[in-house]
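Inspection log for the structure reproduced underneath, given as structure tokens.
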Amino acid sequence: MQLIKTISIISFLTIALNLYSQDNRMGVYFQPEYSAMFLEDHVGNVVGASIGITTKNKKWDIGIRSYGRSGPINLHQEYELVLPQGTTYKGKSVLLLAADHVALGLEIAYNLQLQSERLSLRFPLSIGAFGAGFYLQNDDRITPDGRRVSEWEDELQDGEDAGIGTYSEFGAQVIYQLIPDNEYLDLFAGITYTNTYGYSSFLGGEDFFNNRLRASIGIRIEL
């Protein structure tokens, strides 16, 4: 995962410097977002952001995108871990776990201006590293023998409480200029399609986050 992060950052810097050498008046964009990920049997809450550079003609964005799903923003989404017969944890044979994930990658997006000066379309593509897992929560995080909770999570899930892989994601966004004659602040809404590669975990298997749609809303700040 660290290698993929390094490659993504180096690639981003290389492209950025190349563009800067061609035109040093390009802009910077920042897009924080909230999104809903449509998982197999429920919708997960996800937060994230993109940051990078946009070319002078505003047709291309090149940057870094990161987003994640955490237990605290998905309070009522729990997953049953049924322990093997004869095995208990603090006297319980069934545990309720929370889940989280994080994605970090290089983003390239094409921007298409529509006839209305306040409307445009954006088509982002991102690739990078992906990690996710399932963890004990609340009082269950106080282990019965004082060991680190991560050791227990690993043992209870046969060493697969979390997994690391890569991901790809592409989609489309509608961008609306919030204030006439102000090109610095926009609203956007979009949908993306996500695939994961090489990720698996004890409870989630290979397809918990794979082959999923994600709808997002947010703001775009461009300087």
Side-chain angles (χ1 to χ4, degrees), residues 1-12 31-52 63-84 95-109 123-137 140-141 148-172 190-216:
M1 185 173 182
Q2 186 61 41
L3 177 60
I4 296 172
K5 289 181 182 178
T6 302
I7 292 173
S8 296
I9 293 171
I10 292 174
S11 299
F12 164 69
Q31 288 193 188
E33 66 180 79
Y34 162 81
S35 56
M37 178 174 277
F38 300 98
L39 301 172
E40 183 175 358
D41 55 2
H42 67 280
V43 177
N45 300 305
V46 181
V47 293
S50 300
I51 187 170
I64 292 175
R65 184 171 195 163
S66 179
Y67 63 90
R69 175 186 191 275
S70 68
I73 61 173
N74 291 274
L75 289 176
H76 303 294
Q77 294 171 2
E78 299 175 314
Y79 308 90
E80 280 193 355
L81 174 62
V82 180
L83 301 179
L95 302 172
L96 295 177
L97 307 187
D100 60 13
H101 88 263
V102 64
L104 174 66
L106 175 68
E107 175 183 71
I108 299 176
F123 302 96
L125 167 68
S126 61
I127 56 173
F130 182 93
F134 296 80
Y135 61 91
L136 294 165
Q137 54 183 338
D140 285 339
R141 298 193 65 78
R148 292 184 303 173
V149 66
S150 59
E151 295 181 27
W152 274 99
E153 290 165 346
D154 193 53
E155 287 185 16
L156 293 171
Q157 297 177 72
D158 289 343
E160 295 184 326
D161 57 307
I164 296 174
T166 57
Y167 82 98
S168 67
E169 182 176 82
F170 67 89
I191 191 163
T192 53
Y193 174 72
T194 304
N195 273 317
T196 59
Y197 312 95
Y199 166 80
S200 66
S201 58
F202 185 79
L203 285 184
E206 296 180 356
D207 293 323
F208 190 82
F209 297 102
N210 185 45
N211 189 25
R212 303 298 177 192
L213 291 175
R214 188 165 64 88
S216 60

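Numbers here are sequence positions counted from 1. All values derive from a computational prediction rather than experimental measurement.
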Checklist entry - Side chains of D161 and Y135: do they bring a donor and an acceptor to under 3.5 Å? => result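 Distance-only check fails for D161 and Y135.
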Item to check | Audit row: Y67, M37, side chain to side chain contact (heavy atoms under 4.5 Å, CB included) steps and yes/no | outcome: CA-CA 11 Å; Y67 63 90; M37 178 174 277; 4.2 Å; yes
Item to check | Sole candidate of L97, L81, L156, D100 that passes side chain to side chain contact (heavy atoms under 4.5 Å, CB included) when paired with F134 | outcome: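 Going through the options one by one, the only one that passes is L97.
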Next on the checklist: For a side chain to side chain contact (heavy atoms under 4.5 Å, CB included) check, start with the C-alpha distance between H42 and H76, then their side-chain angles and the critical distance, and finish with the verdict.
Outcome noted: CA-CA 11 Å; H42 67 280; H76 303 294; over 6 Å; no
Please give me the minimum heavy-atom distance between [X] and [Y], naming the atom from each residue.
{"X": "L125", "Y": "F170", "result": "CD1-CB, 4.0 Å"}
{"X": "Y79", "Y": "A99", "result": "CE1-CB, 3.7 Å"}
{"X": "S168", "Y": "I127", "result": "CB-CG2, 4.0 Å"}
{"X": "Q77", "Y": "G44", "result": "OE1-CA, 3.9 Å"}
{"X": "V102", "Y": "S66", "result": "CG2-OG, 4.4 Å"}
{"X": "P124", "Y": "A109", "result": "CA-CB, 3.7 Å"}

Test item: [X] side-chain N/O and [Y] main-chain N/O as donor-acceptor pair under 3.5 Å:
{"X": "N195", "Y": "N211", "result": "yes"}
{"X": "R214", "Y": "G190", "result": "no"}
{"X": "N45", "Y": "N74", "result": "no"}

Checklist entry - Under a 4.0 Å N-O cut-off, is there an ion pair linking R141 with E153? => result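 Counted as a salt bridge, because a side-chain N and a carboxylate O are separated by less than 4.0 Å.
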Item to check | Stepwise side chain to side chain contact (heavy atoms under 4.5 Å, CB included) test for F130 and T166 | outcome: CA-CA 5 Å; F130 182 93; T166 57; 5.9 Å; no
Checklist entry - What do the steps show when you test E80 against L96 for side chain to side chain contact (heavy atoms under 4.5 Å, CB included), and what is the final call? => result CA-CA 5 Å; E80 280 193 355; L96 295 177; 3.7 Å; yes
Next on the checklist: Tell me which one of E33, Q31, E107 satisfies side-chain hydrogen bond (donor to acceptor under 3.5 Å, both in side chains) with S50.
Outcome noted: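 For S50, the side-chain hydrogen bond (donor to acceptor under 3.5 Å, both in side chains) check succeeds only for E107.
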Checklist entry - Is the cationic atom of R69 (NZ for Lys, CZ for Arg) positioned less than 6.0 Å from the six-membered ring centroid of F209 and within 45 degrees of its normal? => result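 The answer is no; the distance or angle limit is not met.
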